[in-house]
Every structure is written in structure tokens, then in C-alpha cells.
Asks: 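This is the structure I have questions about; it appears just below.
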Amino acid sequence: MVAALYILLAAAMFFFQDTYFSVGGMELSLKNPCALAIIFLALLNFTVTARLGRAAVLARHTAVQMLPRLVPLVFSAIIWVASQAEANAVLNGVSMIIPQLLAIVVAAAAVYLFGSRGIWYCLGAMCAANFISVLTVIAEGGLDEFLRELFALLITFSGETGPLMVKLETHDLTFAFGPFLLYLLLNRKEIRHPVLWLTVSSFFFLIGLKRIAIPAIALGFLAAWLLRLLPERAARQTALCAGIGLMIFSFLYIVGIRYGLFSFLEEYLEINTMGRVRMFENLEPYYDISFTYVGKGTGFERFVDWASGEVFPAPRQDAMQIHNDFLRMYMNIGFIGYWVWLWSWLIVRLRYWFRQGGKKAGSLFFAICVYCFVLYATDNAIYYPYTMAACSLVPMAFRVEELEEEALEKYRAHWRRMGGVD
């Protein structure tokens, strides 16, 4: 009963991303009530089951996963207060961070309800939502046209996207399959029916094809596979060193953009940068490569159309996005904030997952970090709630039953020392 209700709510959450309703003149996504219902279901279940060990483990997991989302909020709050920002700027920034935190809590709720099986229930709900979307599109355009457009999409590697495929091009949901695919690839020997899960997940992943996600998955898998060849301690140290390398690379990438990297790629190497040269030129007045650069606050990018440089008096969600989450984060929270955010996103969490789950959990999480790193360098994935939920749920669910038992044993030992009763 609980599983069926969860799948129904989760599938609705994934399906209704772009369906809105109005409350007091404010438009809200229908996915949010579904997400809150999942959290309420987990809380209700807690009152009945009271899995204290699992709750304690998930409290730690949730706090660690939230840390890189809270860092921008703290630095933005300082910026808003210091600059005496208007209420619409503050509300806009907070509204970008809250869905991320909500997504992490939704992931924790699924793991509390089902333990490690939460991976399969969530992935099943995602596939169900995609399947309903496919049926809707087929009913509208016909099976023959759907198959023709799908074939064209795959054969041209998304170079040709027909109107039916455009309707299925939900980037957030497509990117959310990435962490699940990495889990399936890295743990296929320990999974029942891995070929079935890989086939179904890959099919829906390809329907909403985003070209950059394929090398992102490949690099994430390769990184984790290489780590798992090493002894435990060497794998942890290698992952941490690689994490520091990624931090440095991301900053040098921002420096390169500032000083004409994409102009060089377009003019001298004749690479089509899809309008990024003009976009990055429009960004230049708003940030500096300097230790004293303090940032503009989370959500500032919505006040400018980066295609034209036009500045809006109020935030706009239909403005051209930056397509570079590292540059966006640097512009928003400044030099110091950016490095603190990177440290919390990579090093703090890598150390945590290696300590909690050993080499397998740590390498899996590193694979997800590499996957996200590629997306962040080329797209706007950092604020996608479904992608965030998937990136949180997969490591949270890994070995959770074992960690739960370890936590319970610690509590029992503590109560024995205090003279309590088990």
C-alpha cells in the first residue's frame, strides 16, 4: 500500500513539472504538492514504524547533502544585507534554493520508507512518468511520426529534434536518469534484472537526449571504475586529490572564459560555440577575477537576458540562461563563497561518503560528482530539482540497512553504559 502510494505520488511529481496552479496571484508548480505529500507520507510512516537507526543515518546524510545548497544561501544573505537588496531579489534567490532543499528531503523520505529499495521505487516512478508522457505524445502525433522523430533524434545525435521530441525534452528529468544509470553500471553484478533496468532507463534517457549527458556518464563510470581497482585507502586519497583537481580546473575554466577562451575556440579552431561568445561578453561587466569580488547574490542571473544584455527590473525565468553553473555560482556568491561552495560540494562530501560506506559508496558518489561536474560546466543543471533528488537518493540508499544496524548498535551500547534497557 505504501509503495503503491509513493509510486503514484512520485510519478505525478515527475510528470507535472510544467503544470502550474495559481495561489494569490503566484504561480506554483503542481509537482510541489506531490513532493510535500511524499514527505508527509514518510513522516506518517515514522510515527508508526519509528526506525530510529535509519532516521539517525538519514539525518546525517541529509545534512551533508544540503551543505552545498546552504553555502550559497549564507553568502547570498550577507550580500543582500550589505547591498540592501530589494525584496524581489531576495525572494527570487531563496525561491531557487528551497526547491533544491525540498528535493533532498524528498530523496531522504524515499530512503526512509523503503531503504535501499527506494532506488527502484524512485526509478520506477520516473520511468512511469516518462511512459505516460510518451503515450500522450503518441496519442497526439501518432506512433509512426513518433518513431520517425525518435529515429531522427538518435541518428543525428539530437541534431534534428521534431515537435514530438521537443515535448519530451524535459532536461531535468533526462539528467536525473544519470545517477541511476551510474548505479546500475557500477553495481550490475549485485542487482536483480540489471539488463532490464538498464534497457528501460536508457530508453527514456535517450528519448530526452542531451548530448553532454552521455560523455558525463562515461567519464563518471570510468572514474569510479578506476577507483574501485585501488585499495581502500588509496582510492579515498585519489578521489580527494582528484576532487581538488576538479576544483582548480573549474576556477581556471572561469578565468579562461573571462579572458577569451570561447572566442579562441570559435575564431581559431572554428568550433560552433552556440552563441556563447556573445553571452560571455554580456556577462563581463558583472564579475571580476579577484579575491575582493563579493558576488551579486543567488538568482541575480534572472535579472539579465544574457543573449542581448538587456536588464530587467524584476527577475525573469524566460531570460537566456548562462549555460555554465560554475560561472553562475562564482558571479552570484563571489570569490571566497565560490571556493567554500566547491569545498563543501566535493571534498567534504567525498570524505563523508568514503567514511560512511567505504570504497564502493565513495567511488559511486565520486562518479556522480564527475557526472555533475560535466553538466555544470556546460548547462544549467545545478538548480534542477529532479536531478538533485536523484543525485541525493542514490548515495543515501547505498548500504543504508547496514548503516542503520550500526547506528542502532551504537545506541544500544550507549544505553547499556547509561544503565538503560534495550
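Quick note: numbers below take in every heavy atom, side chains included, and nothing from hydrogens, waters or symmetry partners.
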Asks: I'd like to know whether Phe205 forms a side chain to side chain contact (heavy atoms under 4.5 Å, CB included) with Ile214, so could you lay out the CA-CA distance, the side-chain angles of the two residues, the decisive distance to 0.1 Å, and finally the verdict.
Replies: CA-CA 10 Å; Phe205 173 75; Ile214 293 178; 4.0 Å; yes
Asks: To the nearest 0.5 Å, what is the distance between CZ on Phe398 and CG on Leu186?
Replies: 9.0 Å
Asks: Kindly say whether Glu284 contributes a backbone atom to a donor-acceptor pair with the side chain of Arg258 at under 3.5 angstrom?
Replies: yes
Asks: Quick check: are there more than 12 heavy atoms from other residues, nucleotides or ligands sitting under 6.0 Å from CZ of Arg351?
Replies: no
Asks: Is the side chain of Gln321 donor-acceptor paired with the backbone N or O of Asn380 at a distance under 3.5 Å, no angle test?
Replies: no
Asks: Looking at Ser363 and Arg228, would you say the former's side chain and the latter's main chain have a donor-acceptor pair under 3.5 Å?
Replies: no
Asks: Within the 4.5 Å heavy-atom criterion, are Tyr253 and Leu261 side-chain neighbours or not?
Replies: yes
Asks: Below 4.5 Å, heavy atoms only, C-beta onward: do Met279 and Phe262 meet side chain to side chain?
Replies: no
Asks: Minimum heavy-atom separation for Pro72 and Met329, please, with both atom names.
Replies: CG-SD, 3.9 Å
Asks: Please name the pair of heavy atoms, one in Ser116 and one in Glu401, separated by the smallest distance, quoted to 0.1 Å.
Replies: N-OE2, 2.9 Å
Asks: Could you check whether Arg316 pairs with Glu310 (Lys NZ or Arg NE/NH1/NH2 to Asp/Glu carboxylate O, under 4.0 Å)?
Replies: no
Asks: Counting distance only, does the side-chain N/O of Trp306 pair as donor-acceptor with the main-chain N or O of Glu301 below 3.5 Å?
Replies: yes
Asks: Let me know which of Phe373, Trp339, Phe251 forms a ring pair (Phe, Tyr, Trp, His ring centres under 6.0 Å) with Phe326.
Replies: Phe373
Asks: Is there a side-chain contact between Met396 and Leu393, using heavy atoms and a 4.5 Å cut-off?
Replies: no
Asks: For residues Thr378 and Val374, report the shortest heavy-atom separation together with the two atoms involved.
Replies: OG1-O, 3.1 Å
Asks: How about Phe249: does its CZ atom have over 12 heavy atoms from other parts shown lying under 6.0 Å from it?
Replies: no
Asks: If the plane angle is over 60° it's perpendicular, under 30° parallel, otherwise tilted; pick one for Phe303 and Phe300.
Replies: parallel
Asks: How long is the span from the OH atom in Tyr338 to the CE atom in Met331, to the nearest 0.5 Å?
Replies: 13.0 Å
Asks: Under 3.5 Å, is there a donor-acceptor pair between the side chain of Asn187 and the main chain of Tyr183?
Replies: yes
Asks: Counting only N and O atoms by type, is there a donor-acceptor contact under 3.5 Å from the side chain of Asn92 to the main-chain atoms of Gly299?
Replies: yes
Asks: Quick one: pull up CG in Leu227 and NZ in Lys359 and give me the separation to the nearest 0.5 Å.
Replies: 9.0 Å
Asks: Step by step, work out the side chain to side chain contact (heavy atoms under 4.5 Å, CB included) result for Asp325 and Asp379.
Replies: CA-CA 7 Å; Asp325 283 326; Asp379 216 292; 5.6 Å; no
Asks: For a quick test of reading the model, state the closest non-hydrogen atom pair linking Lys296 to Trp80 and the distance between them.
Replies: O-NE1, 4.4 Å
Asks: Would you call Ile347 and Leu240 a side-chain contact if the rule is heavy atoms closer than 4.5 Å?
Replies: yes
Asks: What's the separation between atom OG in Ser202 and atom CH2 in Trp197, rounded to the nearest 0.5 Å?
Replies: 12.5 Å
Asks: Given side chain to side chain contact (heavy atoms under 4.5 Å, CB included), test Trp353 with His61 step by step and report yes or no.
Replies: CA-CA 9 Å; Trp353 289 111; His61 286 359; 3.6 Å; yes
Asks: Quick check: do Leu102 and Pro385 have side-chain heavy atoms less than 4.5 Å from each other?
Replies: no
Asks: I need the minimum non-hydrogen distance between Ile382 and Gln100, along with the two atoms involved.
Replies: O-NE2, 2.7 Å
Asks: Rounded to the nearest 0.5 Å, how far does CD1 of Ile289 lie from CG of Leu252?
Replies: 10.0 Å
Asks: Around Lys360, counting heavy atoms of other residues, nucleotides and ligands shown, do more than 12 lie under 6.0 Å from its NZ?
Replies: no
Asks: Please work out which of the three classes, parallel, tilted or perpendicular, describes the rings of Tyr376 and Trp345, given edges at 30° and 60°.
Replies: tilted
Asks: Does either side chain, that of Tyr330 or that of Ser250, offer a donor lying less than 3.5 Å from an acceptor on the other one?
Replies: no
Asks: Measure from the side-chain N and O atoms of Tyr386 to the backbone N and O of Thr174, and report whether any donor-acceptor pair falls under 3.5 Å.
Replies: no
Asks: Heavy-atom count around Phe46 CZ within 6.0 Å, excluding the residue itself: above 12?
Replies: yes
Asks: May I ask you to check whether over 12 heavy atoms, not counting those of Trp225, lie within 6.0 Å of atom CH2?
Replies: no
Asks: Could you check Ile217 against Leu185 for side chain to side chain contact (heavy atoms under 4.5 Å, CB included), going step by step and ending with a plain yes or no?
Replies: CA-CA 10 Å; Ile217 288 175; Leu185 290 168; 4.2 Å; yes
Asks: Would you be so kind as to tabulate the donor-acceptor pairs closer than 3.5 Å made by side chains of residues 8-15, with sequence neighbours excluded?
Replies:
none

Asks: Check for a donor-acceptor pair, side chain of Arg399 on one end and backbone N or O of Gln356 on the other, with a separation under 3.5 Å.
Replies: yes
Asks: Compare all side-chain heavy atoms of Leu182 with those of Val394 and state whether any distance is below 4.5 angstrom.
Replies: no
Asks: If you round to the nearest 0.5 Å, how far is CD1 of Ile39 from CG of Leu44?
Replies: 13.5 Å
Asks: Does any non-hydrogen side-chain atom of Asn332 lie less than 4.5 Å from one of Ile79?
Replies: no
Asks: Should the pair Phe175 and Tyr384 be assigned to parallel (<30°), tilted (30 to 60°) or perpendicular (>60°) ring geometry?
Replies: parallel
Asks: Ring centres under 6.0 Å, that's the criterion: do Phe335 and Tyr293 meet it?
Replies: no
Asks: Can any side-chain N or O of Tyr352 pair as donor or acceptor with the backbone N or O of Gln65 at less than 3.5 Å?
Replies: no
Asks: Where do Ala213 and Leu375 come nearest, in terms of heavy atoms and distance?
Replies: CA-CD2, 4.2 Å
Asks: With no hydrogens and no angle check, is any side-chain donor or acceptor of Asn45 less than 3.5 Å from a backbone partner on Leu41?
Replies: no
Asks: Does the side chain of Asn88 reach to within under 4.5 Å of the side chain of Pro315, using non-hydrogen atoms?
Replies: yes
